[in-house]
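To start, the structure itself, in structure tokens.
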Amino acid sequence: MVQKEVLILAGTEELNAWCDVQATSDRIAVDTEGDSLHCYFEKLCLIQLSVADQDLIVDPLSGIDLKCFNEFLHERTAVFHGCDYDLRMLRRGAGFLPGPIFDTYLAARLLGIKEVGLASLVKSYFGLDLPKSSQKANWARRPLTPVMLDYAINDTKYLLPLAERLETQLREINRWSWYEETCNRAVAATAEDRERDPERVWKISGSAALSTRGLALLRELWFWRDTEAQSVDRPTFQIMRNEELIELAKSAVSGAKVKPPSWLPSARRRRLEETIDRALQVPESDWPQRAKSVRFRSSLEQEQRLDRLRAKRDAISNELGLDPAIVASRSILEAVSREPESASTILMDWQRELLGDLGR
């Protein structure tokens, strides 16, 4: 493939001028980079763009005004690979509201392609290997290194020709309408943020082995760590790892004298000690209770319907060469087997057409 010019924009006037020049472009490849591995409050650090003859990096951390850019992009088809993360980042970090979207990840899945990662698709369609050296880079650092820039640009460089090929294949096998409905649903889901459940968020790996009093300790320790991480805008694992929280909770419950790690700053160590003392005073009535396993008891009719749906789904998936979860996931089949009328809202039109009468 032809090597394109790479442009880096950090000024509003430059970006707006670029949008004016690209007025005739109908598709723009887009990707983003954030810094969730290096801070608590995730920031939009880079926006990568590609058009037919040019690759572009926009620097949102430069104070650039993205209003005109948002309008420009909204009026064109934005091509992503896995749009969920990027659309959420652009909405939160730039106020972007999507217009037409093409998602090469969703397209590949609906074609029945097994390896749907961007690197795998680029290798399959273009015979090129994408480097992985900057996957965990700190995208908030400035200046960006040449290696980081190359990695970032590779995320959009091949998206337009890849989208063209995938769309052609989808249309050839009459799955374009399936793709459109699937993509529309995926884009709609990005309009809402996923909320953390304060009653569940602290139940980290390993917590199931703790006593109920140990869970009370862990809950306080988790919120202590979360507050500390927010105060210094660092990821929580840089404050204390999950395994260390579990061990502290175990030690405190055992009655042993708890010694906070010596590497903690003195003020943070003091707040940790206060948290442990406070947690040890929590009355038993306020200890977290283990959630009782509630297993839905299906009727014989529902179980038989689930078996029929699963067998039909699997046969259709095998015939079409699709992952069964694409046709209908296990959770969807279980929900429909209990309440067949829910299919009208849970399933997309193309899925219902494939599966037929779900009430039988």
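Numbers for residues simply follow the sequence, beginning at 1.
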Determine, stepwise, if the pair Asp277 / Gln281 fulfils side chain to side chain donor-acceptor pair (under 3.5 Å). CA-CA 7 Å; Asp277 290 341; Gln281 303 306 314; over 6 Å; no
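- Within the model, atoms CD of Gln289 and CG of Asp286 stand 10.0 Å from one another, a figure rounded to the nearest 0.5 Å.
- Using a 4.5 Å cut-off between side-chain heavy atoms of Ile, Leu, Val, Met, Phe, Trp and Tyr, with links allowed through other members, Phe237 and Tyr40 fall into different hydrophobic clusters.
- A pairwise comparison of heavy atoms in Ser207 and Ile204 identifies OG-O, 2.8 Å as the closest pair.
- Residues Leu37 and Leu61 do not share a hydrophobic cluster, clusters being chains of Ile/Leu/Val/Met/Phe/Trp/Tyr side chains in contact below 4.5 Å.
- Here the side chains of Glu42 and Asp35 are in contact, with some heavy-atom distance below 4.5 Å.
- Val282 and Trp224 are members of different hydrophobic clusters when ILVMFWY side chains are connected at heavy-atom separations under 4.5 Å.
- Checking Trp222 against Thr236 by side-chain atom types alone, no donor-acceptor pair falls below 3.5 Å.
- Smallest separation of non-hydrogen atoms from Ala10 and Ser62: O-OG, 2.8 Å.
- Rounded to the nearest 0.5 Å, atoms CD1 (Ile246) and CG (Leu218) are 4.5 Å apart.
- Remark: the Glu180 side chain and the Asn184 side chain contain no N/O donor-acceptor pair separated by less than 3.5 Å.
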Derivation of the side-chain contact (heavy atoms from CB on, under 4.5 Å) call for Leu320 and Ile326: CA-CA 11 Å; Leu320 297 175; Ile326 294 289; over 6 Å; no
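- Between Arg269 and Ser262, the closest heavy-atom pair is NH2-O, 2.9 Å.
- Side-chain contact check for Ile47 versus Pro60: some heavy-atom pair is nearer than 4.5 Å.
- Counting only distance, with no hydrogens or angles, the side chain of Gln238 and the backbone of Pro235 share no donor-acceptor pair below 3.5 Å.
- Checking Thr77, Leu160, Leu73 one by one against Ile28, the side-chain contact (heavy atoms from CB on, under 4.5 Å) holds for a single residue, Leu73.
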Could you go through the side-chain contact (heavy atoms from CB on, under 4.5 Å) check for Ile8 and Asp59 one step at a time? CA-CA 8 Å; Ile8 301 175; Asp59 184 3; 5.5 Å; no
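- For the residue pair Ser25/Gln22, the side-chain donor-acceptor check at 3.5 Å is satisfied.
- Between Glu228 and Thr275, the closest side-chain pair of non-hydrogen atoms is not below 4.5 Å.
- Cation-pi geometry between Arg213 and Trp287 is not met: the NZ or CZ atom fails to fall both under 6.0 Å from the ring centre and inside 45° of the normal.
- With contacts defined as side-chain heavy-atom distances shorter than 4.5 Å, the pair Leu159/Gln48 does not qualify.
- The distance from atom CD of Glu334 to atom CG of Leu306, rounded to the nearest 0.5 Å, is 6.0 Å.
- Other residues, nucleotides and ligands contribute at most 12 non-hydrogen atoms within 6.0 Å of the CD atom of Glu319.
- The shortest side-chain heavy-atom distance between Trp202 and Leu215 falls under the 4.5 Å cut-off.
- When atom types are taken as modelled, the side chain of Arg88 and the backbone of Glu192 share a donor-acceptor pair closer than 3.5 angstrom.
- Following chains of ILVMFWY side-chain contacts shorter than 4.5 Å, one can reach Tyr179 starting from Ile316, so the two form part of one hydrophobic cluster.
- Expressed to the nearest 0.5 Å, how far OG1 of Thr156 lies from OH of Tyr158 amounts to 10.0 Å.
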Show every donor-acceptor pair shorter than 3.5 Å between a side-chain atom in residues 247-259 and any protein atom, with sequence neighbours excluded, or say none if there are none.
from	atom 1	to	atom 2	distance (Å)
Ser251	OG	Glu247	O	3.0
Ser254	OG	Ser251	O	2.7
Ser254	OG	Ala256	N	3.3

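- Residues Val58 and Leu66 form a side-chain contact, since some pair of their non-hydrogen atoms from C-beta on lies under 4.5 Å apart.
- The distance from the CG atom of Leu355 to the CZ atom of Arg308 is 13.0 Å, given to the nearest 0.5 Å.
- Heavy atoms from other residues, nucleotides or ligands lying under 6.0 Å from CZ of Arg185 number more than 12.
- Checking Asp84 against Thr190 by side-chain atom types alone, no donor-acceptor pair falls below 3.5 Å.
- Under the 3.5 Å distance criterion, the side-chain polar atoms of Gln302 are matched with a main-chain donor or acceptor of Ser299.
- Proximity of a side-chain donor or acceptor of Ser344 to a complementary backbone N or O of Glu341 within less than 3.5 Å is detected.
- Looking only at side-chain heavy atoms (C-beta outward), Leu144 and Arg142 come within less than 4.5 Å of each other.
- Scanning all heavy atoms of the two residues, the minimum distance from Ile239 to Leu264 falls at O-CD2, 4.0 Å.
- Between the OG atom in Ser337 and the CG atom in Leu309 there is a gap of 6.5 Å [rounded to 0.5 Å].
- Proximity of Phe41 to Gln230: side-chain heavy atoms (C-beta onward) are separated by under 4.5 Å at one or more points.
- Looking at Asp86, its side chain never comes within 3.5 Å of a backbone N or O of Asp31 through a donor-acceptor pair.
- The shortest heavy-atom contact between Arg219 and Pro288 is NH1-CG, 3.6 Å.
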Atom pairs and distances, donor-acceptor, side-chain atoms in residues 95-122, under 3.5 Å, two or more places apart:
from	atom 1	to	atom 2	distance (Å)
Asp103	OD1	Gly82	N	2.9
Asp103	OD1	Tyr105	N	2.9
Asp103	OD1	Leu106	N	3.4
Asp103	OD2	Cys83	N	2.8
Thr104	OG1	Phe80	O	3.3
Thr104	OG1	His81	ND1	2.7
Arg109	NH2	Asp323	OD2	3.3

Should Arg27 and Glu164 be marked as a salt bridge (Lys or Arg N to Asp or Glu O under 4.0 Å) after you check the CA-CA gap, both sets of side-chain angles, and the distance that decides it? CA-CA 10 Å; Arg27 280 191 172 188; Glu164 184 177 354; over 6 Å; no
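- Annotation: Glu273, atom CD; neighbour count of heavy atoms from other residues, nucleotides and ligands within 6.0 Å is above 12.
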Please test Val79 against Glu167 for side-chain contact (heavy atoms from CB on, under 4.5 Å), starting from the C-alpha separation and ending with a verdict. CA-CA 12 Å; Val79 180; Glu167 179 176 345; over 6 Å; no
Result block: side-chain N/O donor-acceptor pairs under 3.5 angstrom for residues 145-154, not counting sequence neighbours:
from	atom 1	to	atom 2	distance (Å)
Thr145	OG1	Met148	N	3.1
Asn154	ND2	Asp150	O	3.2

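- For Trp18 and Phe72, the distance between ring centers is under 6.0 angstrom.
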Report the C-alpha separation of Trp178 and Leu322 in whole Å, then their side-chain angles, then the decisive distance to 0.1 Å, and conclude whether the side-chain contact (heavy atoms from CB on, under 4.5 Å) test is met. CA-CA 13 Å; Trp178 299 6; Leu322 290 174; 4.1 Å; yes
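- Closest approach of Arg330 to Arg313, counting heavy atoms only: N-NH1, 4.3 Å.
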